[in-house]
Participant: 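Just passing along the structure, written as structure tokens.
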Amino acid sequence: MNLFYILISIRKAIYTMGWVYMNILTRMHLCLIGCAILFVPFIGSVEIISVLGGLGKNGSIYPLLLGIILFILEMVMHKRKLYIPEGKSFYALLFFCFIGVLSGIANFAELSNLWYQGANGVFRFFLQIGSVIFCLCTALYIYNIFRISGGEQLEVIERFVMLSFVMAGGYSLLELGQLLGVVSATHALYFFNGFFRGENADLLYLRIRSLAIEAPTFAMYVSILFPWILSLWWKWKGIKKAFAILIFFYFILLALLSFSRTAYFILSIEAVLYFILFQYDILMRWKSVVFTLILFLLIAYGAIYQLGNIVPIDVEQVFTSLFTSDQTNQFDSSTNVRYATTVAGLLIWQDHPILGVGLGGYGFYCFDYLPSWIWQSPDPYLWRDNTLVRGVWPPIHNLFARLLAETGILGVMAWLSAFVFLFWEEILVLRTQIGQMESVLLKNLMVSTVGAFLCGFSGDSIYFSFYWIIFGTVWFYLDRFKRGIYS
């Protein structure tokens with residue numbers, strides 16, 4: 001009898017130890033996801049594992065890669081269950097991956113004969129489809145860890161998003177010091193840039209780019225950060241509310257000094273969406289909102305007026321360069337390149353409308369389709385040299401034009417439907433009986449979703465890690481809704 005109880009006690013102890021062990025692993029996974037959010041500002045600026053291509057230049061990829069490897073080992077060694085999301089956006093992304101594979105199969109013969117800068121078309125295809133599948137695995141990994149751990153994960157996301165701004169904003173203080181001519185700030189930038197920027201990167205930059213590779217890429221981070229910064233005004237009380245306003249002013253100053261048209265226009269659209277989502281809260285506090293808005297506009301006007309004294313760039317030129325062809329406008333050259341690469345992508349799609357030229361194939365075909373006026377800009381001369389190995393790969397500054405060129409109309413429809421379903425799933429979760437603070441955080445996520453989506457119109461943003469963090473998070477909350485955890 002005593003032996004029986006001893007065996008039962010040993011079994012319970014083993015079970016408890018296993019539960020504690022798995023709980024520790026889950027906490028470790030949450031820390032890795034938190035680190036991924038913390039490293040989101042490192043967009044295109046990290047040079048660690050070159051074989052990962054453009055994907056490996058994003059800082060948040062590495063904790064996610066480690067987490068996915070550990071999770072796979074747990075499934076093999078400890079029979080950890082893999083949960084599959086029920087959201088339509090998940091199946092839309094699966095279909096997108098299928099179309100990506102199909103585009104490579106349909107164009108395999110042509111890709112195998114294509115070479116550019118030492119890279120073969122088939123190699124580029126496998127690199128690109130592998131990166132897309134990894135991104136989908138990232139969203140699936142985040143969904144599983146959130147489902148296993150439970151809790152209010154939006155609060156965790158908010159905490160690490162704000163910590164990321166502490167890091168990115170602290171770095172940008174040095175950039176401001178450099179712009180103001182502070183020698184010690186310039187030396188500090190040289191020191192810190194040496195840790196993560198590549199050997200060929202510009203160690204000094206005359207615009208705010210924070211931890212990203214350049215200002216337009218910094219705009220991607222700005223687009224997801226905006227609602228979380230602004231919502232501090234709703235959450236904090238008393239003297240902390242004034243501190244929240246100062247943080248928002250500093251955030252806007254960095255966005256202005258990035259001189260990024262992407263940042264300006266996405267922030268404008270996000271501001272409208274934010275007002276729509278929070279209109280009830282705004283109308284309930286309209287007096288304090290109006291006072292804060294007037295104060296902000298006065299300070300912003302003064303800041304813009306003084307920008308010309310800090311750096312020799314006119315904010316007005318940033319806007320007008322999108323609609324004019326004035327060669328005296330220093331931003332017109334950049335606009336030519338953006339429009340020309342988009343036109344090339346659309347022309348490629350016209351010749352390959354259904355499945356495109358294969359994922360990763362744009363760079364091999366673009367020079368046959370680029371309009372002649374792109375050569376008025378210096379940029380294409382940097383990536384037209386085919387004698388280099390691993391030189392500057394021909395870019396395309398529009399994700400949707402790239403997807404049309406490489407995966408055809410089927411690929412773009414799958415990608416667009418994934419975001420349509422994602423936004424609808426966010427609305428479904430918002431309609432459930434969630435708490436007021438969680439409702440604020442979910443609305444922030446919705447604004448970030450739109451901002452991240454709009455980044456695709458100005459850059460090849462498919463590997464932007466926050467895309468996939470949003471997908472995994474929304475699947476988790478949708479799953480809670482469907483399982484009846486919300487009433």
Side-chain angles (χ1 to χ4, degrees), residues 26 29-30 32-33 36-37 55 60-61 64-65 67-69 71-72 74-75 80-103 128-151 153-154 156-157 224 359 399-400 403 407 409-432 434 441-442 445-446 448-453 455-456 461-486:
T26 300
H29 284 297
L30 289 173
L32 288 172
I33 293 172
I37 299 173
L55 186 67
S60 57
I61 291 303
L64 291 172
L65 178 61
I68 290 173
I69 293 173
F71 190 79
I72 292 173
E74 289 171 37
M75 287 195 298
R80 168 93 78 172
K81 183 178 180 180
L82 177 67
Y83 296 100
I84 302 299
E86 297 183 10
K88 292 181 180 178
S89 59
F90 170 71
Y91 294 101
L93 288 176
L94 277 182
F95 183 65
F96 173 74
C97 290
F98 171 74
I99 294 300
V101 172
L102 202 60
S103 72
Q128 296 298 312
I129 194 63
S131 298
V132 171
I133 292 174
F134 171 80
C135 289
L136 179 59
C137 290
T138 294
L140 193 59
Y141 162 70
I142 290 171
Y143 162 71
N144 274 266
I145 297 303
F146 282 178
R147 174 165 174 169
I148 292 169
S149 62
Q153 301 299 343
L154 281 173
V156 177
I157 290 175
I224 62 102
L359 199 61
L399 172 61
F400 306 101
L403 294 180
T407 63
I409 189 65
L410 294 179
V412 167
M413 292 303 296
W415 182 255
L416 292 176
S417 63
F419 274 89
V420 171
F421 288 136
L422 176 68
F423 199 74
W424 175 245
E425 288 160 3
E426 290 174 335
I427 293 174
L428 286 178
V429 176
L430 187 62
R431 288 178 174 177
T432 61
I434 58 178
L441 297 179
L442 184 59
L445 194 70
M446 293 174 71
S448 292
T449 301
V450 173
F453 175 79
C455 287
S461 58
I462 193 170
Y463 305 130
F464 184 33
S465 58
F466 210 80
Y467 270 160
W468 309 98
I469 293 171
I470 291 174
F471 274 107
T473 304
V474 173
W475 294 341
F476 162 69
Y477 277 94
L478 183 67
D479 175 75
R480 291 181 63 176
F481 164 62
K482 290 188 175 183
R483 286 189 291 144
I485 294 180
Y486 294 125

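These figures come from a predicted structure and were not determined experimentally. Computation of the quantities below employed the complete heavy-atom set of this structure, encompassing side-chain atoms and omitting hydrogens, waters and symmetry-equivalent molecules.
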Participant: Apply side chain to side chain contact (heavy atoms under 4.5 Å, CB included) to V132 and L136, showing your working.
Facilitator: CA-CA 6 Å; V132 171; L136 179 59; 5.8 Å; no
Participant: To the nearest 0.5 Å, tell me how far I224 CD1 sits from I469 CD1.
Facilitator: 8.0 Å
Participant: According to salt bridge (charged side-chain N to carboxylate O under 4.0 Å, His left out), does anything in residues 134-149 pair up with another residue at least two apart or in another chain? List the pairs.
Facilitator: R147-D479
Participant: Just how far is it from atom CD of E426 to atom CD1 of I470, taken to the nearest 0.5 Å?
Facilitator: 7.0 Å
Participant: Quick one, I427 and F423 - any side-chain contact, counting heavy atoms below 4.5 Å?
Facilitator: yes
Participant: Write down the atom of A92, the atom of F421, and the distance for their closest heavy-atom approach.
Facilitator: CB-CD1, 4.1 Å
Participant: Do you know the tightest heavy-atom contact between L399 and S461?
Facilitator: CD2-OG, 3.8 Å
Participant: Measure across L359 and G100 and return the closest heavy-atom pair with its distance rounded to 0.1 Å.
Facilitator: CB-O, 4.4 Å
Participant: Got a second to check how far Q153's CD is from L30's CG, nearest 0.5 Å?
Facilitator: 5.5 Å
Participant: Which residues pass the side-chain hydrogen bond (donor to acceptor under 3.5 Å, both in side chains) test with S131, not counting sequence neighbours?
Facilitator: none
Participant: Restricting to non-hydrogen atoms, name the atom on C135 and the atom on Y463 that form the minimum distance, rounded to 0.1 Å.
Facilitator: SG-CD2, 3.8 Å
Participant: Could you pull out all residues at least two apart from F146 that satisfy ring pair (Phe, Tyr, Trp, His ring centres under 6.0 Å)?
Facilitator: F476
Participant: Enumerate the side chain to side chain donor-acceptor pair (under 3.5 Å) contacts for residues 84-98, please, sequence neighbours excluded, ordered by first and then second residue.
Facilitator: S89-E425, S89-W475
Participant: I61: which residues meet the side chain to side chain contact (heavy atoms under 4.5 Å, CB included) condition with it, sequence neighbours left out?
Facilitator: L55, N58, F134
Participant: Which heavy-atom pair separates L32 from G67 by the least distance, and what is that distance?
Facilitator: CD1-CA, 3.6 Å
Participant: Of all residues at least two apart in sequence or in a different chain, which pass the side chain to side chain contact (heavy atoms under 4.5 Å, CB included) check with L416?
Facilitator: F400, V412, F453
Participant: Going from CG on L478 to OG1 on T473, what distance comes out if it is rounded to the nearest 0.5 angstrom?
Facilitator: 12.5 Å
Participant: Would W468 and L64 satisfy side chain to side chain contact (heavy atoms under 4.5 Å, CB included), going step by step from the backbone distance to the final call?
Facilitator: CA-CA 11 Å; W468 309 98; L64 291 172; over 6 Å; no
Participant: To the nearest 0.5 angstrom, please state how far the CZ atom of R431 sits from the CG atom of L428.
Facilitator: 6.5 Å
Participant: Rounded to the nearest 0.5 Å, what separation is found between the CG atom of L442 and the CG atom of L154?
Facilitator: 6.0 Å
Participant: Considering residues at least two apart in sequence or located in another chain, which fulfil the side-chain hydrogen bond (donor to acceptor under 3.5 Å, both in side chains) criterion with S60?
Facilitator: S465
Participant: Is there a side-chain contact between L93 and W415 in this structure, where contact means two heavy atoms from C-beta onward sitting under 4.5 Å apart?
Facilitator: yes
Participant: How far apart are the closest heavy atoms of K81 and N144, and which atoms are they?
Facilitator: O-OD1, 3.8 Å
Participant: How would you list, by chain and number, every residue that makes a side chain to side chain contact (heavy atoms under 4.5 Å, CB included) with V420, sequence neighbours excluded?
Facilitator: none
Participant: Determine the interplanar angle of the F471 and F419 rings, folded into 0 to 90°, and report it as parallel if under 30°, tilted if 30 to 60°, perpendicular if over 60°.
Facilitator: perpendicular
Participant: Residues two or more places apart in sequence or in another chain: which of them pass side chain to side chain contact (heavy atoms under 4.5 Å, CB included) with I148?
Facilitator: T26, F71, R80, Y83
Participant: Would you confirm whether Y467, through its side chain, and A452, through its main-chain N or O, come within 3.5 Å as a donor-acceptor pair?
Facilitator: yes
